[in-house]
Every structure is written in C-alpha cells, then in structure tokens.
Amino acid sequence: MGIFGRRRRKGPAGGEVDRGDEGPAPSGAEGTDDAGADPDGGTDAGNVVGDTGEDDASGGRPDGPYDVSEAPDDGLARMDLGSIRLPVPDGSQVQVEMDQASQTVRAVHVVTGYGQVTVTAYAAPRSGGLWREVSQELADQLRSDGARVTLGRGEWGMELSAVVNDVALRFVGVDGPRWMLRGVIAGPQSEAATAPEVLRSIVRGTVVDRGEDPMPVRTPLSITLPEAVAAHVAGQARQQQGQQNQQQGQQNQQRA
C-alpha cells in the first residue's frame, strides 16, 4: 500500500454485456465496499428501500461528474487513473490498495480529515438506472450486517447513510453514459455532518473515461496508476518483500 500526500495550499458481477442499448443491469448481490454516513435526517431503509422510483440518478449532471467527452477545462488538478480522473483535495493523502495475488490495483482511496473517500466507476447499460438497483442491494446488505441504514435524496438522487460501530458511512451514485460512478466516505461519527459534502465535492469533480469496448454490466473499470505513483508502490512492495525475506532467513538460521 502506498501513501502520497498533497501539500496544502493557502485557502479553504452481472452476466449481461453492455453493448450500448441493453436494458437495466441484472440483479445480483453487489460486492461489499467502503462507505459514508449522515445521522442528520433520511428515512429508515427498512421502510423505503422498495419504493424509490423517483430517486433514479440518471438525470442531468450539469455540474459533474463528467464523461470524458464533456470534461471541462476548469483548471482543477485531477489524478489520472485511466478510467477516472480524480480530484485530490489539498491536505489529503492517496492510498493505493493492491491485490497481492494479481498485483493489480484494487482501489485508490483519498484520505481526508473527515474520512476516507473511495470512488469507483463501473460499466452500465446506456438506459441507466444501475445506481437505483445497486443502492437497494447495498441497503439490504448493510442492514443484514447489523448497520442502521437511512435513505435520502441528494444532488444526484438516492444517497445511503449508515452507522457501523463507531464508523459513519455515506454512499452516493451517479448514472452516466454507459457507466455508473459510486462514491463512499467512511469516517468518525463526529465528522458525519461535514463528510457527505467532502464526498460530493470529489465525486462532482471526477471525470469518467469508460472507453468503447463492450463489457459486462457492473464490471469495475480498470485503474491505471500514474508512473510516479506506480514506481513508488513497486518500491514499497520490494522493500516489504526484502524485509520478509530477511526475517525468514533469520528464522531459518535460528532453527539450524
């Protein structure tokens, strides 16, 4: 895992394949993920999850997040991760989560003073509506894990809030052209009032580059690290492996 800080400046799995015009994504259990919370309102998910027809987030996105075809020239610094271009707030850090078996990037997290933000893009049908399905499944899953879940309307439609032990969670989702963007923030309950807007700000500034290749609906879009970040992560992995080899050698000598 690599961690990279930004200096503070002065100032504040479905079987369907998306080929362009398919209907909604097939139902199925969504994998577990990180999260973000809001104890200030919302409705108990146990009563509302099945009746959320007006919370479809497939409407307009005049202020972001953006498809690569409509990316603004706004001067906002973004980290290019291949499938997404992610804004990194001043004073925050970036953590890279690697899959040790495949040595591929599993996720990139932005660690802020209010919680850890994770933004992930998925392949989706052109017809939209995937976030509505996924949000219902997430609510069911979180409740089955013992979390208290509430639903509410946000900037792009449905938002999920949950509290798990001492962690406050908030999920947002946005349907775009053949992609869905999911953002989540996890942090202490003491920051739950401010954390959702930190999450929305990062999601709002994100640019999605889905590509044109057909792929199964709900497939996570691949992440490519910038060269400098990839080199740093590889260096840390080599250092960790060297330490493990050294410890193993010492253990072998003690047994001899």
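The number of heavy-atom neighbours closer than 6.0 Å to CG of D74, taken from other residues, nucleotides and ligands shown, is above 12. The environment of D99 atom CG is dense: over 12 non-hydrogen atoms of other residues, nucleotides or ligands sit within 6.0 angstrom.
One finds the CG atom of D67 at 10.0 Å from the CZ atom of R210 (value rounded to the nearest 0.5 Å). With values rounded to the nearest 0.5 angstrom, T120 atom OG1 is found 13.0 Å from W179 atom CH2. The line from OH of Y122 to CZ of R182 is 3.5 Å long, rounded to the nearest 0.5 Å. Here the CZ atom belonging to R218 is positioned 5.5 Å from the CD atom belonging to E133, to the nearest 0.5 angstrom. Atom CZ of F171 and atom CG of L151 lie 12.0 Å apart (nearest 0.5 Å). Atoms CG and CG, from D209 and L81 in turn, are 11.5 Å apart once rounded to the nearest 0.5 Å.
W156 and G173 get closest at one heavy-atom pair: CB-O, 3.7 Å. Taking all atoms of both residues into account, the shortest heavy-atom contact from P87 to I202 is CG-O, 3.3 Å. Contact between V149 and R143 at its shortest, heavy atoms only, is CG2-CG, 3.6 Å. Scanning all heavy atoms of the two residues, the minimum distance from R78 to P72 falls at NH2-CG, 4.1 Å. When all heavy atoms of M215 and A123 are compared, the pair lying nearest together is CG-CB, 3.3 Å. A147 and A162 make their closest contact through CB-CB, 4.3 Å (heavy atoms, listed as atom of the first residue, atom of the second, distance).
In this structure, S201 contributes its side chain and V198 its backbone to no donor-acceptor pair below 3.5 Å. In this structure, S92 contributes its side chain and P89 its backbone to a donor-acceptor pair below 3.5 Å. The closest donor-acceptor contact from the side chain of Q189 to the backbone of N165 lies under 3.5 Å. S83 places a side-chain N or O within 3.5 Å of a backbone atom of S222 that can act as its donor or acceptor partner.
Within the 4.5 Å cutoff, the side chain of P177 has no heavy atoms near those of the R126 side chain. Using a 4.5 Å heavy-atom threshold, the side chains of D145 and V164 count as separate. Using a 4.5 Å heavy-atom cutoff, the side chains of L225 and V105 are in contact. Looking at V207 and I84, their side chains never come closer than 4.5 Å, going by heavy atoms from C-beta outward. Between E212 and R178, the closest side-chain pair of non-hydrogen atoms falls below 4.5 Å. Taking the side chain as every heavy atom from C-beta outward, V217 and M180 never approach each other to under 4.5 Å.
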Report task. Begin with the C-alpha distance, continue with both residues' side-chain angles, and end with the deciding distance and a verdict on salt bridge (charged side-chain N to carboxylate O under 4.0 Å, His left out) for E97 and R106. Result -> CA-CA 5 Å; E97 181 180 346; R106 179 177 295 166; 3.5 Å; yes
Requested in this report: Dump the intermediate steps for salt bridge (charged side-chain N to carboxylate O under 4.0 Å, His left out) on E197 and R204, then the final yes or no.
Outcome: CA-CA 10 Å; E197 185 49 42; R204 192 182 302 124; 3.0 Å; yes
